[in-house]
Colleague: 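The following block contains the structure, expressed as structure tokens.
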Amino acid sequence: MWFYDILLLNETQSHEAQKDKKQTWGLAAVSAKQEVLKVLENNRGQYVSGEKMAENLGISRAAIWKAIKGLQDMGYMIDGVRKKGYCLTGQSNRLSLYMIQPLLKDKYKNIHIYLYDQIDSTNRAAKELANTGAPNGTTLIADMQSAGRGRLGRTFVSPPNSGLYMSVILQKGIFSDKAINVTTMTAVAVCRAIEKLTDKKPQIKWVNDILVDGKKVCGILAEASLDVDSQRINRIVIGIGLNISTKESDFPEEIRGVAGSLYETGFSPISRNQFAAAIINEVLEGAEQIETGAYMEEYKKKCVTLGKRVFFERDGIRYEGEAVSIGDNGALIVRQDNGVVIPVSFGEVSVRLVE
Ligand code: BTN
């Protein structure tokens, strides 16, 4: 099985099995901790008596106490007051299936979600899962990645507690000439999710970068397998890396100033669980529209590359011109100064500001 970066159809990726440091909360494994968390989350800000919880959940008070202790150890801010009970006080920054799932649209509530404290790359693991038949919509989310991957073999810096690193598996076939649409659709989906949750105004740098206040806060890496006979791609993995409360000092020096995050102070009023759910909802909704390209007008409106002078290299030759439009297949249309128009589907295009 070959996997290709959708944007670079000639680049092969190896997908050797690697050992994941996995802490997975699959849907099947519902523990007392998760049940207690759900009750506290539903009564956020109010005290719930341990006795009542024990009664309703059909477990002992000792089990409730143990679950509360476990949740506090995991970083949840739970206040315990004698005779009043327990209360979830602060917005936990911890990723939790039981905070994500209630925020999913009904039609996506049953998707499989895997959470990892740490993994090398969610895209790498998602490709393996996709190959073994993981159902459409299966999503992998990590608190941190030790080998997060970006386009063109680059590294995607993925520090803990501050970003969202996720891969969504689509089990659907589309013709390879529409492959780039997976990325354009995802860019719009991530912008929509950010707009729904915050007052930020995300923009898109063709083809896969999301900018806020001129800095890249999110990168997208879509990968898929290609059936050479039918020229269709299938088993698509959409990798999304969103910097939410990553501080500038957490980025390596060479990308500071270019990379940014939604809340550079290091505190986000919106939890990573909320972002995860909103992105899953938007991406899966968008996936249903890949063939029609219904999101394309919005992509163009948000695309900062349009109207700018750009340059790119193809086969060692440098081309320069104005980015005048985006074709139906997601290609950037560049008009050179001599009037010749070139569609750019793959490779790197760098935006250059008009002087
Ligand atoms: C880019 O900006 O070049 C794309 C970055 C994509 C990063 C995400 S983070 C989750 C998923 N797993 C990876 O290893 N990469 C993608």
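Note that these values count all heavy atoms, side chains included, but never hydrogens, waters or copies made by symmetry. In listed order, ligands and their atoms are each counted from 1.
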Colleague: Please state which part of R124 comes within less than 4.0 Å of ligand 1, counting heavy atoms only: side chain, backbone, both or neither.
Modeller: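 The answer is neither.
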Colleague: What do we get for K216 next to ligand 1 when only non-hydrogen atoms under 4.0 Å count, side chain, backbone, both or neither?
Modeller: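 Side chain only; the backbone of K216 stays clear of ligand 1.
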Colleague: Does M166 reach ligand 1, in the sense of a heavy atom lying below 4.0 Å from it?
Modeller: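 Flag set, M166 near ligand 1.
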Colleague: Using 0.5 Å steps for rounding, measure from the CG atom of L164 to the CG atom of L95.
Modeller: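 Answer rounded to 0.5 Å: 6.5 Å.
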Colleague: Could you check whether R318 makes a cation-pi contact with F312, meaning its NZ or CZ is under 6.0 Å from the centre of the six-membered ring and within 45° of the ring axis?
Modeller: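 Because its charged atom misses either the 6.0 Å distance or the 45° angle limit, R318 does not stack over F312.
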Colleague: Considering only protein heavy atoms, which is closest to atom 3 (O) of ligand 1, and at what distance to one decimal place?
Modeller: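 Nearest protein contact, heavy atoms only, for atom 3 (O) of ligand 1 is R151 N, 2.7 Å.
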Colleague: Please table the atom pairs, donor to acceptor, closer than 3.5 Å between any side-chain atom in residues 246-261 and protein atoms at least two apart or in another chain.
Modeller:
unit_1: D250; atom_1: OD2; unit_2: K247; atom_2: N; d: 3.4
unit_1: R256; atom_1: NE; unit_2: E248; atom_2: O; d: 3.3
unit_1: R256; atom_1: NE; unit_2: F251; atom_2: O; d: 2.9
unit_1: R256; atom_1: NH2; unit_2: S249; atom_2: O; d: 3.4
unit_1: R256; atom_1: NH2; unit_2: F251; atom_2: O; d: 3.1
unit_1: S261; atom_1: OG; unit_2: T246; atom_2: N; d: 3.4
unit_1: S261; atom_1: OG; unit_2: T246; atom_2: O; d: 2.7

Colleague: Numbering the atoms of ligand 1 from 1, which are under 4.0 Å from a heavy atom of G148?
Modeller: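 Reading through ligand 1 atom by atom, the close ones are 14 (O).
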Colleague: Just which atoms of ligand 1 are under 4.0 Å from any heavy atom in T122?
Modeller: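 Answer for ligand 1: 10 (C), 11 (C), 12 (N).
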Colleague: Does T305 reach the main-chain N or O of C303 with its side chain, forming a donor-acceptor pair under 3.5 Å?
Modeller: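 The answer is no, because no donor-acceptor pair under 3.5 Å joins these two groups.
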Colleague: Give me the residue, atom name and distance of the protein heavy atom closest to atom 6 (C) of ligand 1.
Modeller: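 Nearest protein contact, heavy atoms only, for atom 6 (C) of ligand 1 is R149 O, 3.5 Å.
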Colleague: Taking only Lys NZ, Arg NE, NH1 and NH2, and the carboxylate oxygens of Asp or Glu, determine whether R192 and E285 approach each other closer than 4.0 Å.
Modeller: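 Between E285 and R192 there is no salt bridge, as every charged N stays at least 4.0 Å from the carboxylate O atoms.
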Colleague: Less than 3.5 Å apart, which donor and acceptor atoms pair up between the side chains of residues 196-204 and the rest of the protein, not counting sequence neighbours?
Modeller:
unit_1: K196; atom_1: NZ; unit_2: E282; atom_2: OE2; d: 2.6
unit_1: T198; atom_1: OG1; unit_2: I194; atom_2: O; d: 2.8
unit_1: T198; atom_1: OG1; unit_2: K200; atom_2: N; d: 3.0
unit_1: K200; atom_1: NZ; unit_2: L262; atom_2: O; d: 3.1

Colleague: Is K178 salt-bridged to E291, cutoff N-O under 4.0 Å?
Modeller: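 So K178 does not pair with E291 through a salt bridge.
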Colleague: Please state which protein non-hydrogen atom is closest to atom 9 (S) of ligand 1 and give its distance, to 0.1 Å?
Modeller: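 Checking every protein heavy atom, the shortest distance to atom 9 (S) of ligand 1 gives Q145 NE2, 3.3 Å.
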Colleague: Which of the atoms of ligand 1 are close to S121, meaning less than 4.0 Å from one of its heavy atoms?
Modeller: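 Within the 4.0 Å cut-off of S121, ligand 1 contributes 12 (N), 13 (C), 14 (O).
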Colleague: Quick one: look up the protein heavy atom nearest atom 5 (C) of ligand 1 and list residue, atom name and how far away it is.
Modeller: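 Residue, atom and distance for the closest contact: F156 CD1, 3.4 Å.
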Colleague: Which ligand 1 atoms does I220 reach within 4.0 Å, using its non-hydrogen atoms?
Modeller: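 Within the 4.0 Å cut-off of I220, ligand 1 contributes 4 (C).
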Colleague: Applying a heavy-atom cut-off of 4.0 Å, say which part of I240 lies close to ligand 1: side chain, backbone, both or neither.
Modeller: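 Under 4.0 Å from ligand 1, I240 contributes backbone atoms alone.
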Colleague: Determine the minimum heavy-atom distance between A276 and I100, stating which atoms define it.
Modeller: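 Reported closest heavy-atom pair: CB-CD1, 4.0 Å.
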Colleague: Against heavy atoms of G150, which atoms of ligand 1 measure under 4.0 Å?
Modeller: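 What qualifies from ligand 1 is 1 (C), 3 (O), 4 (C), 5 (C).
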Colleague: Is the shortest side-chain heavy-atom distance between V344 and R314 below 4.5 Å?
Modeller: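 When only atoms from C-beta onward are counted, R314 and V344 do touch, with a gap below 4.5 Å.
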